[in-house]
There are 2 protein chains.
Amino acid sequence: MKRGLEDFVPKIVDHEERRRAIAEATALLIASVGIEQITVRGIERDTGFSKGIIQHYFSNKAELLTSALDWANQRYIRREQRALADAGATGLAALEIRLENLLPFTKEIREEWKIRLQILGLATVNSELAARDAKRLSLARNRITKDLRIAKARGELRAGLSAEDAAQRTMVVATGTNAMAVVNPTHFTRQRLRKIMQGLLEEFRG
Amino acid sequence: MKRGLEDFVPKIVDHEERRRAIAEATALLIASVGIEQITVRGIERDTGFSKGIIQHYFSNKAELLTSALDWANQRYIRREQRALADAGATGLAALEIRLENLLPFTKEIREEWKIRLQILGLATVNSELAARDAKRLSLARNRITKDLRIAKARGELRAGLSAEDAAQRTMVVATGTNAMAVVNPTHFTRQRLRKIMQGLLEEFRG
């Protein structure tokens, strides 16, 4: 393996940690005050880094926003992986755990949806953010498709239903339901959300 | 009928027309440059009204945004009503026309989704906008439920499916699908979107 100069620069870990800290602060600001109210000053206050340092890592708002979306998405994926490993679940049981991990019943999950939905809104008029969001959704679809292929091989899916169609269905239902639930928690009670997700899994079963 | 002072004030129509013109200009700006880039100056330019006049009708940005959402929603409902009347459709046939009128295949429909999705994003951190959005969704659900009750009475729905559950399902699928399609038109082709909507209607049929 080729060794480069960076192997001798001890600050490389700090750079990553700084980027992560700035992304986290931006993400939590998006979830609390909203994208419109985000300022470099607010990020300065929350991270302790100066404006110059922040701008060194992120030269414009679009970069800050995508780093925040990535941070939220990584937190979500880590939590999901942990839940899947704890349960040792695969196939439809894994899909059920993934769906549960998207229901906006905890502060963390609500924060993640607030970030996703604000970025989605902005992505409708920003092609760079749209491309990033399309990639995020495509990776999520791949994870779900993998579960559903295992489910299919194991005979957990009803005859005639492909893993790909079921994955598409899952993405549509999870996005539509949780998006509406975040802005309308009065209508989308826990009971109603669980019923929608259970209905989806029942529809898939053979 | 009681006659009030307003019957003798000739400018009342102008007020409504001005409000409508400002709401329309704001809506089209949201769909083109995005909420973040909206300024009173931009609305001045597009309507020809002075800053003072604009602020007379809308005292803050939240009011401007909800008026823009209402304008887009009214345009959508008028188009839908026209299509329903032209087809003389009721029951599942009416629902099919409603779903078609939400697919982002025309400039108008894409504009409406861009406005809805940006407002939805903002509504995650703004309780006033969230309440407004919840009301809009509740009215949409009522229109769909009416179609599905007729479908149910006519025996168009499969046994065991209530009009209310089918309406919920329709809202979730239409919101989830079209939201993702607007930011990812490459994946959500016409063929794929039509297949999703046809799949939904087939699932409802007896």
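Here is the naming used below: chain letters follow the sequence lines, and residue numbers restart at 1 for every chain. These figures come from a predicted structure and were not determined experimentally.
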**Request:** Please say whether more than 12 non-hydrogen atoms of neighbouring residues, nucleotides or ligands are located less than 6.0 Å from CD in Q55(B).
**Result:** yes
**Prompt:** So which bits of residues 95-123 of chain B come within less than 4.5 Å of chain A, counting non-hydrogen atoms only?
**Reply:** K114(B), L117(B), Q118(B), L120(B), G121(B), L122(B), A123(B)
**Asked** chain A heavy atoms under 4.5 Å from D165(B): which part of the residue, side chain, backbone, both or neither?
**Response** side chain
**Atom group of A131(B) that falls short of 4.5 Å from chain A, counting heavy atoms** = neither
**Prompt:** Side chain, backbone, both or neither: which part of T186(A) has a non-hydrogen atom closer than 4.5 Å to chain B?
**Reply:** neither
**Request:** Give a yes or no on whether Q81(B) atom CD has more than 12 heavy-atom contacts from other residues, nucleotides or ligands under 6.0 Å away.
**Result:** yes
**Prompt:** By a 4.5 Å heavy-atom criterion (distance strictly below it), what part of Q168(B) contacts chain A: side chain, backbone, both, or neither?
**Reply:** side chain
**Fill in**
Scored by heavy-atom pairs under 4.5 Å with chain A, the best of V173(B), L129(B), L200(B) is V173(B)
**Complete:** Most contact-rich option vs chain A, by heavy-atom pairs under 4.5 angstrom, among I30(B), V183(B), N184(B), T175(B), is V183(B)
**Asked** Which residues, numbered in order, of residues 134-162 of chain B come under 4.5 angstrom of chain A by heavy-atom distance?
**Response** A134(B), L137(B), R141(B)
**Request:** Could you check which of M171(B), K195(B), R192(B), E36(B) has the highest count of heavy-atom pairs closer than 4.5 Å to chain A?
**Result:** E36(B)
